[in-house]
Amino acid sequence: MAEAKTARKKSADNEGPRLDVLVAGAGYVGLAAAVSIREARPNLKVAVVDAAPEGVWEKDTRASAIAAAACRMLARLGCWDEIAPHAQAITEMIVTDSRTTDPVRPVFLTFDGEVAPGEPFAHMVANKVLNGALRRRAADLGIDIIEGVAVQGFETGPANVSVHLADGIVVNARLLVAADGVNSKLRAMAGIKTVDVDYGQSGIVCTILHERPHNGRAEEHFLPAGPFAILPLTGDRSSIVWTERTDDANRLVASDDLVFEMELEQRFGLKLGELRVEGKPRAWPLGLKLARAFVAPRLALAGDAAHGIHPIAGQGLNLGFKDVAALAETVVEADRLGQDIGALDVLQRYERWRRFDTVQMGVTTDILNRMFSNDFGPLRAIRDIGLGLVDRMPRMKEFFIRQASGLSGETPRLLKGEPI
Ligand SMILES: Cc1cc2nc3c(=O)[nH]c(=O)nc-3n(C[C@H](O)[C@H](O)[C@H](O)COP(=O)(O)OP(=O)(O)OC[C@H]3O[C@@H](n4cnc5c(N)ncnc54)[C@H](O)[C@@H]3O)c2cc1C
């Protein structure tokens, strides 16, 4: 651990490259990238720097649906044993399409899926559990995590990138990974443009306690303002991701607890008994943001820095883990072959691998959100027929489960649970 800290100071005296990889952003994507590379190549010096002050990550009350492929990767990286006791398997999923005032919500589509015997297609995991496990693994591998210090700028040279941190220190590395989230400053500093769509929607996220067990069932209700997802957590608890127009979402999270619970109950119903909201609900603005390039000399974007998508399919983080697995495989193979891990032609292999899949998922979530976030009668009729048809096609359902599990397409080794 001291190794990277010393390297940071010495680099300020322009002693040349001290790190091989510097990751900007200690979210799940940044941490997983650092762990994946160092796990496979202990000879590479890797450090992570994050703008948020120490301990902020522990205050994230959200939970994420982690697809089967990402679970395999976390197991391979030595994190899953710590996460598993806190992970809830999703054993079944139902989809409805109705209005909040409808007395009954007919189920149009059901999935119950395992990708292999005993392996569910996804688990729900609290974000802080996931982040904590990745941090502990990073510490075991001697990866230094520098917190409360933002990357303020960088200059790219022929053999390294000089990264300027907010505390005045300059770190030299062969490769800079930008995992600094959807509003990535590093992406902007590199002059990489984005394709942007503002949905005017926000996702209200909260955890609820209910009287009766959910039995591992996830529900997605397509309501006129957008999807309302009920995702099972361990115990008699569920995570809610509730899409509303941004003004309504802000009004709801600022409202009195009683008003919020009544509005929630109207959408959730009483099938699981009395509901109680745990903690304070929060609203997250939703949009589509796709980077026009994923790489520049000595720079690779990963996770939301490369693509922010609507949570309608619960795939944002899973796409990020796919980036990590592909980037780590590209970098590790280049290093084994004695190539420069920050060279543009090496990084372009990663870009070619990830761009199509990402654009496809961005476009799919965009279309789904536009199709389902409205109450236009003829469109409702068409989409309900579509859902009903899919429900009668076992092959089609298998295809969707495979997509949701993250095991479709050209899957990087880590996502298959294999070493790099
Ligand atoms: C309402 C909602 C529900 C969601 N549900 C799901 C789900 O169920 N499943 C799923 O797969 N995905 C889900 N997502 C998406 C998922 O949360 C994101 O894709 C994921 O958090 C992205 O991780 P990241 O590490 O790329 O970025 P972030 O988690 O945003 O992390 C970025 C990090 O970079 C740091 N940083 C920022 N600027 C700098 C700087 N200049 N220098 C250094 N560090 C910096 C920040 O402090 C932060 O720690 C959801 C998203 C929303 C909004």
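Side chains are part of it too, since the values below use all heavy atoms of this structure and drop only hydrogens, waters and symmetry mates. Treat the numbers as computed from the prediction; the structure is a model and nothing was measured. Atoms within each ligand, like the ligands themselves, are counted from 1 in listed order.
- Ring orientation note: the planes of F294 and H307 are tilted relative to one another, at an angle of 30° to 60°.
- Among all protein heavy atoms, the one lying closest to atom 41 (N) of ligand 1 is V151 O, 3.4 Å.
- Protein heavy atom nearest atom 1 (C) of ligand 1, with residue, atom name and distance: V205 CG2, 3.4 Å.
- For atom 44 (N) of ligand 1, the nearest non-hydrogen atom of the protein is A51 N, 3.1 Å.
- Atom 12 (N) of ligand 1 has L317 N, 3.0 Å as its closest protein atom, hydrogens excluded (heavy atom only).
- Distances from ligand 1 to the non-hydrogen atoms of A179 include at least one value under 4.0 Å.
- Atoms of ligand 1 lying under 4.0 Å from any heavy atom of A52, numbered from 1 in the order shown and given with element: 47 (O).
- The number of heavy atoms from other shown groups lying within 6.0 Å of NZ (K416) is above 12.
- Closer than 4.0 Å to atom 14 (N) of ligand 1 lies none of the heavy atoms of the protein.
- In summary, the atoms of ligand 1 found under 4.0 Å from a heavy atom of G303, numbered by their order in the structure, are 26 (O).
- By the 4.0 Å heavy-atom criterion, R62 is counted among the residues contacting ligand 1.
- One finds no salt bridge joining R187 and D304 here, because no Lys/Arg side-chain nitrogen approaches an Asp/Glu carboxylate oxygen to under 4.0 Å.
- Residue W284 touches ligand 1 through its side chain alone, judged by heavy-atom distances below 4.0 Å.
- Scanning the protein for heavy atoms near atom 35 (C) of ligand 1, the closest one is D50 OD2, 3.3 Å.
- Note on ring orientation: taking the six-membered ring where Trp is involved, the planes of F228 and H221 are tilted (angle from 30° to 60°).
- Using a 4.0 Å cut-off between a side-chain N of Lys or Arg and a carboxylate O of Asp or Glu, R174 and D20 qualify as a salt bridge.
- Contacts between V49 and ligand 1 below 4.0 angstrom, taking non-hydrogen atoms only, involve the backbone exclusively.
- Counting protein heavy atoms only, atom 19 (O) of ligand 1 is closest to D304 OD1, 2.7 Å.
- Protein heavy atom nearest atom 5 (N) of ligand 1, with residue, atom name and distance: P311 CB, 4.2 Å.
- For the residues A65, G27, A70, A63, the heavy atom positioned nearest atom 8 (O) of ligand 1 is part of A65.
- Within ligand 1, the atoms closer than 4.0 Å to a non-hydrogen atom of V29 are 23 (O), 24 (P), 25 (O), 26 (O), numbered from 1 in the order shown.
- Of all protein heavy atoms, the one lying nearest to atom 9 (N) of ligand 1 is G314 O, 3.1 Å.
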